[in-house]
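Because only heavy atoms are used, hydrogens play no part in the values below, and waters and symmetry mates are left out as well, while side chains stay in. Whatever order the structure lists ligands and atoms in, that order sets their numbers, starting from 1.
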Amino acid sequence: MKISIGHLYPKLLNLYGDIGNIITLKKRCEWRGIDVEYNEINIGDSVGEYDLYFMGGGQDKQQEEVARELYKNKDYFINLRDSGAVFLGICGGYQLFGHYYQPHDKDKLLGISLLDAYTVAGKKRFIGNVTAKTDLVSPDSLVGFENHSGLTYLQGETKPLGIVSIGYGNNGQDKTEGARYKNVFGTYLHGSFLPKNTHFADLLIELALEKHYGEKIKLSKLDDDIENKTHELLVGKAY
Ligand code: GLN
């Protein structure tokens, strides 16, 4: 079996070790004998068609450069989403999956509207550990580290990944964290996100396999004793 992963703009959006998400996806496939075709897509490259796309976080400046490039392929990405492609965006990458990101004192950055969401820069920077309760995976917790000033608001059929019990999440007001619409996922959880939430990594791999083969494929279990213990240690951890 195989899946393909397109890594969107890693030379610009790779804040707080977001590359760890790619490493996790690759290793959890490799350990199961699933081949992974992996390519970076950087400024000037054609996007190409993949089963799963990943985009990390970044400062406003890097987001500006990526937003200009992403927007050229907005319709292409929307068609990919509607054909079942999987997307994971972290923080700045997540923000650009929405309609726009409005930084402080700068022009609005247009997103590619994979999610019915928008982001405006807030006055306070949200920094710290996050625990959120989710109904997407079992155990029903997601953990990570957030560092953003953007306030993200969800609309329409775009639903949160979870509800925060520790931390600020999307906007520090409605207790939501992250977003999902079809197979598009966004989260503010850095750290990296997937090594601390291997159950969510496996969800993404199963969705990417379903995209590739057109049928649901259940992954074999891995010995996740260490990963699960690490996750449990972080659940409810504020400092
Ligand atoms: N620049 C965005 C913000 O501050 C995203 C930051 C990030 O990716 N960590 O909200």
Side-chain angles (χ1 to χ4, degrees), residues 6-25 40-43 53-71 77 87-132 142-155 158 160-162 164 166-180 184-197 200 234:
H7 190 170
L8 295 167
Y9 311 108
K11 289 188 171 44
L12 289 165
L13 296 181
N14 177 31
L15 214 49
Y16 313 115
D18 292 332
I19 190 72
N21 295 291
I22 292 288
I23 296 168
T24 303
L25 290 168
E40 289 191 6
I41 299 150
N42 287 296
I43 299 291
Y53 293 86
F54 174 77
M55 189 153 72
Q59 308 294 343
D60 290 13
K61 187 174 177 319
Q62 287 84 2
Q63 281 180 281
E64 263 176 66
E65 195 173 345
V66 169
R68 278 195 297 273
E69 188 81 355
L70 265 183
Y71 195 73
F77 281 115
F87 290 81
L88 175 63
I90 307 289
C91 201
Y94 164 30
Q95 294 170 346
L96 295 179
F97 281 175
H99 301 309
Y100 62 83
Y101 167 51
Q102 174 63 67
H104 288 293
D105 315 322
K106 284 189 180 176
D107 292 343
K108 189 183 280 188
L109 304 184
L110 294 179
I112 51 176
S113 301
L114 298 181
L115 297 167
D116 189 358
Y118 64 92
T119 302
V120 290
K123 292 186 176 54
K124 176 181 165 74
R125 190 150 199 91
F126 295 156
I127 299 175
N129 289 311
V130 178
T131 298
L142 296 173
V143 294
F145 182 83
E146 63 185 332
N147 181 340
H148 59 102
S149 67
L151 308 174
T152 298
Y153 299 93
L154 310 182
Q155 302 175 137
T158 293
L161 286 193
V164 293
I166 300 277
Y168 297 93
N170 282 329
N171 50 51
Q173 298 148 17
D174 62 15
K175 308 294 274 178
T176 63
E177 156 49 29
R180 180 197 189 168
V184 180
F185 300 88
T187 180
Y188 273 112
L189 302 187
H190 284 289
S192 330
F193 173 52
L194 293 181
K196 298 180 178 179
N197 302 279
F200 198 87
L234 292 168

Item to check | Residue Asp60 vicinity, atoms of ligand 1 by number, heavy atom under 4.0 Å | outcome: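 Once the distances to Asp60 are compared, the set is 1 (N), 2 (C).
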Checklist entry - In ligand 1, which numbered atoms sit nearer than 4.0 Å to a non-hydrogen atom of Gly57? => result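 Counting atoms of ligand 1 from 1, those under 4.0 Å from Gly57 are 8 (O).
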Would [X] and [Y] count as a close aromatic pair, with their ring centres under 6.0 Å?
X	Y	answer
Phe200	Phe193	yes
His148	Tyr188	yes
His190	Phe145	no

Checklist entry - Would you say the side chain of Tyr71 lies within less than 4.5 Å of the side chain of Glu69, judging by non-hydrogen atoms? => result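 Result no, sub-4.5 Å side-chain heavy-atom pair not found.
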Checklist entry - Tell me, do Leu25 and Leu194 make a side-chain contact under 4.5 Å, heavy atoms counted? => result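 A side-chain contact exists here, since the closest heavy-atom pair is under 4.5 Å.
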Geometric N/O contact [X] with ligand 1, under 3.5 angstrom:
X	value
Gly58	yes
Tyr188	no
His148	no
Gly92	yes
Tyr16	no

Item to check | Selected option - heavy-atom contact closest to atom 4 (O) of ligand 1, from Glu64, Met55, Gln63, Arg125 | outcome: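 Result: the heavy atom closest to atom 4 (O) of ligand 1 is in Arg125.
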Checklist entry - Can you tell which of Gly122, Pro103, Gly150 gets a heavy atom nearest to atom 10 (O) of ligand 1? => result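 Of the listed residues, Gly150 has the closest heavy atom.
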Checklist entry - Strictly under 4.0 Å, does any heavy atom of His190 approach an atom of ligand 1? => result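 Distance cut 4.0 Å: His190 passes for ligand 1.
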Next on the checklist: On a heavy-atom basis, which atom in Leu154 and which in Ala179 lie closest, and how many Å separate them?
Outcome noted: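 Scanning both residues completely, I find the closest heavy atoms to be CD2-CB, 3.7 Å.
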Next on the checklist: Is the contact between Asn147 and ligand 1 made by the side chain, the backbone, both, or neither, using heavy atoms and a 4.0 Å cut-off?
Outcome noted: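 For Asn147, only backbone atoms sit under 4.0 Å from ligand 1.
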Checklist entry - Is Leu15 touching ligand 1 with its side chain, its backbone, both, or neither, if touching means heavy atoms under 4.0 Å apart? => result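 It is the side chain that gets close, since no backbone atom is under 4.0 Å.
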Answer with yes or no whether the side chains of [Y] and [X] bring together a donor and an acceptor at under 3.5 Å.
X	Y	result
Tyr9	Gln62	no
Asn170	Tyr94	yes
Tyr101	Asp60	yes

Next on the checklist: Which residue and atom name correspond to the protein heavy atom nearest atom 3 (C) of ligand 1, and how close is it?
Outcome noted: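 Of every protein heavy atom, Ser149 N, 3.6 Å lies nearest to atom 3 (C) of ligand 1.
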Checklist entry - What's the shortest distance from atom 7 (C) of ligand 1 to any protein heavy atom, and which residue and atom give it? => result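 Its nearest protein heavy-atom neighbour is Cys91 SG, 2.9 Å.
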